[in-house]
Amino acid sequence: MERESVELQEEQEHAARLIIEGTRLLTTRIPALFETEASDITFRQWEALKVVLAARSPEISLSDITSYMGYSRQNVKKLVSGLERAGYVTLQPSHIDNRALRVEATRKARREAPRYAEAENRMICSLLDGVQESDLSVSARTMAAMIRNVAYD
């Protein structure tokens, strides 16, 4: 009985290490897959732009994007500044608080968004090629539980 417990622990540890290694690999490969099709913005910039485009409020701030993405304010500012240089967003003083910056999507962002969404869909399809739906469901539940275990409150 004790031997089975040790074997189970070893199997769980191996699975946990595989998940950690896989997450590390995917963290670099997912952006690379996206960026082979969308060369003028990065995957992380696309993630930020999606937040701006999906905002229900006419005014979304850097702080709002930071909260949603879970990135540091410095990293979000860098992403958004790159989007501004590329013509996808404008940064203006907030109407509510002049100390804050609001981020607005440009016409170019709205025009190009479907192309980036399609590139993202192709990347996801490529990523999931050969993965069984049942395996994906179990993986999603496992990742959700692991995220809850490490999420910041």
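Note that these values count all heavy atoms, side chains included, but never hydrogens, waters or copies made by symmetry. Along the sequence shown, the residues carry numbers beginning at 1.
- Separating the OG1 atom in Thr142 from the CG atom in Asp135 is a distance of 10.5 Å, to the nearest 0.5 Å.
- Remark: the Ser126 side chain and the Asp129 side chain contain no N/O donor-acceptor pair separated by less than 3.5 Å.
- To the nearest 0.5 Å, atoms CG (Leu83) and CZ (Arg44) are separated by 13.5 Å.
- Rounding to the nearest 0.5 angstrom, the gap separating the OH atom in Tyr71 from the CD1 atom in Ile65 is 12.0 Å.
- Tyr116 and Phe34 have tilted rings, their planes meeting at an angle from 30° to 60° on a 0 to 90° scale.
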Candidate pair Asp64 and Ser61, rule side chain to side chain donor-acceptor pair (under 3.5 Å), full reasoning | CA-CA 5 Å; Asp64 295 331; Ser61 69; 3.2 Å; yes
Would you please test Val51 and Glu47 for side chain to side chain contact (heavy atoms under 4.5 Å, CB included) and show each step?
-> CA-CA 7 Å; Val51 173; Glu47 289 180 311; over 6 Å; no
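- Considering only residues two or more places apart in sequence or on other chains, Tyr68 meets the ring-ring contact (aromatic ring centres under 6.0 Å, His included) condition with none of them.
- Placement of Ile124 and Val138 in two distinct hydrophobic clusters is found when ILVMFWY residues are connected by side-chain heavy-atom separations under 4.5 Å, directly or transitively.
- The distance from the CG atom of Leu18 to the NE2 atom of His14 is 5.5 Å, given to the nearest 0.5 Å.
- For the pair Leu53 and Ala105, the tightest heavy-atom approach, listed with the atom from each and the gap, is CD2-CB, 3.5 Å.
- Counting heavy-atom neighbours within 6.0 Å of Lys50 NZ, excluding the residue itself, gives a total above 12.
- Under a hydrophobic-cluster definition in which Ile, Leu, Val, Met, Phe, Trp and Tyr are linked whenever side-chain heavy atoms come within less than 4.5 Å, directly or via other members, Val52 and Ile96 are assigned to different clusters.
- For the pair Thr106 (side chain) and Gly87 (backbone), a donor-acceptor distance under 3.5 Å is present.
- A donor-acceptor contact shorter than 3.5 Å is absent between the side chain of Arg102 and the backbone of Ile60.
- Tyr88 pairs in a side chain to side chain contact (heavy atoms under 4.5 Å, CB included) with only one of the listed residues (Arg107, Gln45, Lys108), which is Lys108.
- Side-chain contact between Leu79 and Met69 is present, with at least one heavy-atom pair separated by less than 4.5 Å.
- Between Arg24 and Glu21, at least one side-chain N (NZ, or NE/NH1/NH2) sits under 4.0 Å from a carboxylate O, which counts as a salt bridge.
- Taking the side chain as every heavy atom from C-beta outward, Thr23 and Met143 approach each other to under 4.5 Å.
- Connection of Leu136 to Met146 is not established within any shared hydrophobic cluster, with ILVMFWY side chains joined at heavy-atom distances below 4.5 Å, either directly or through further cluster members.
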Please walk me through it: do Leu26 and Leu127 pass side chain to side chain contact (heavy atoms under 4.5 Å, CB included)?
-> CA-CA 9 Å; Leu26 291 174; Leu127 181 67; 3.5 Å; yes
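- Put simply, CD on Gln92 and CD on Glu104 are 6.5 Å apart, with the number rounded to the nearest 0.5 Å.
- At least one side-chain heavy atom of Leu101 sits less than 4.5 Å from a side-chain heavy atom of Lys77.
- Rounded to the nearest 0.5 angstrom, Glu120 CD and Glu118 CD are separated by 10.5 Å.
- When side chains are defined from C-beta on, Ile20 does not count as touching Arg17, because their heavy atoms never get closer than 4.5 Å.
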